[in-house]
Participant: 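Would you mind keeping the following structure in view while I ask a few things?
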Amino acid sequence: MTSSLLWSRPPHVTKNEFIAALTAFQRKSELINDNWNLEGGGIQAPYIIKKDVLHNLTSQDPERKWCRIDYHVVYSASYQMPVLYFIAYWPDGLTLALEETYYVFSQLSSVTPEHLASIKETPFGGSISQNDHPNLGVPYYYLHPCNSASLLSLVFGLECTGCSNSLERARCPKLSDFIPAFLSFFGPPIGLELEQAYFEAAMSNQ
């Protein structure tokens, strides 16, 4: 683990720190063939995307037997936090309305009743909203980031104020662990499960 992947005000991230965290995550994704791709750049921070995640459903309607979801991790400069955006499609290519997304999530084994309640009724991670994607300029759903910092501070609450030796540096929060931790909080309520290999890689690098 390199010192360039340390940061001083966790759990918040600057644009450059977010880019470093994304790059580290995308490299892990390549190693384990998990199909996250780094996109964008320029004025806007780049983002990562996992496309065409298929979810099988129990509907009797042949056009509603499954759906696919694209997940994006995008930077919010105002919150200095990642934000999880997504868009879902039926087999005929139509995008899902909000109530249809709740139906889909209720059908997934990875989404517990507590997860579903958290995105519909309580402020866990923020409820689902819709807005233009910051990089693409088209409507996407997203989990509002108003409570992201308080949740992630449970993992990354320690500020690194100038580590003087290798032992202290080893205890500092690392940006390379940031995106896996973020997705482990905010992915499951909307059907996104993260490979355990991300966390095994983090532990092996400590």
Participant: Would you be so kind as to tabulate the donor-acceptor pairs closer than 3.5 Å made by side chains of residues 71-81, with sequence neighbours excluded?
Facilitator:
from, atom 1, to, atom 2, distance (Å)
Tyr71, OH, His55, NE2, 3.2
Tyr71, OH, Ile190, O, 2.8
His72, ND1, His133, NE2, 2.9
Tyr75, OH, Val13, O, 2.7
Tyr75, OH, Lys15, N, 3.3
Ser76, OG, Ser78, OG, 3.2
Ser76, OG, Tyr79, N, 3.2
Gln80, OE1, Arg9, NH2, 2.4

Participant: So, using ring-ring contact (aromatic ring centres under 6.0 Å, His included) as the criterion, who are the partners of Trp90 when residues are at least two apart?
Facilitator: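 So Trp90 forms no ring-ring contact (aromatic ring centres under 6.0 Å, His included) with any residue.
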Participant: With no hydrogens and no angle check, do the side chains of Asp34 and Tyr198 hold a donor and an acceptor under 3.5 Å apart?
Facilitator: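 There is such a pair (donor and acceptor under 3.5 Å, judged by atom type) between the side chains of Asp34 and Tyr198.
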Participant: Ser59: what forms a side-chain contact (heavy atoms from CB on, under 4.5 Å) with it, not counting sequence neighbours?
Facilitator: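 Scan of Ser59 (side-chain contact (heavy atoms from CB on, under 4.5 Å), adjacent residues dropped) gives Asp61, Arg64, Tyr103.
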Participant: For Asp70, check salt bridge (Lys or Arg N to Asp or Glu O under 4.0 Å) against everything at least two apart and list the hits.
Facilitator: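 If we apply the salt bridge (Lys or Arg N to Asp or Glu O under 4.0 Å) test to Asp70, skipping adjacent residues, there are no hits.
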Participant: side-chain contact (heavy atoms from CB on, under 4.5 Å) with Glu114: which residues, sequence neighbours excluded?
Facilitator: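 Checked Glu114 against side-chain contact (heavy atoms from CB on, under 4.5 Å); matches are Thr112.
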Participant: Going by side-chain contact (heavy atoms from CB on, under 4.5 Å), name the residues that satisfy it together with Glu30, two or more places apart in sequence or in a different chain.
Facilitator: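 Counting only residues at least two positions away or on another chain, Glu30 forms a side-chain contact (heavy atoms from CB on, under 4.5 Å) with Gln26.
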Participant: Could you pull out all residues at least two apart from Glu193 that satisfy side-chain contact (heavy atoms from CB on, under 4.5 Å)?
Facilitator: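 Once residues adjacent in sequence are excluded, the partners of Glu193 under the side-chain contact (heavy atoms from CB on, under 4.5 Å) criterion are Ser110.
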Participant: To check you understand the geometry: which heavy-atom pair defines the closest contact between Asp177 and Phe156, and what is its length?
Facilitator: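 In terms of heavy atoms, the two residues are closest at O-CZ, 3.6 Å.
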Participant: List the atom of Leu152, the atom of Pro11, and the distance in Å for their closest heavy-atom pair.
Facilitator: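 Closest approach of Leu152 to Pro11: CB-CB, 3.7 Å.
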Participant: Checking Gln107 now: which residues fulfil side chain to side chain donor-acceptor pair (under 3.5 Å) with it, not counting sequence neighbours?
Facilitator: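 Here the qualifying residues are Thr58.
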Participant: Please enumerate all residues that pass side chain to side chain donor-acceptor pair (under 3.5 Å) together with Asp52, with sequence neighbours excluded.
Facilitator: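 Partners of Asp52 by the side chain to side chain donor-acceptor pair (under 3.5 Å) criterion, ordered by chain and then number, come out as Arg68.
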Participant: Taking salt bridge (charged side-chain N to carboxylate O under 4.0 Å, His left out) as the cut-off, I'd like each qualifying pair that reaches into residues 136-147, sequence neighbours left out, listed once.
Facilitator: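 As it turns out, there is no salt bridge (charged side-chain N to carboxylate O under 4.0 Å, His left out) pair with a partner in residues 136-147 once direct neighbours are skipped.
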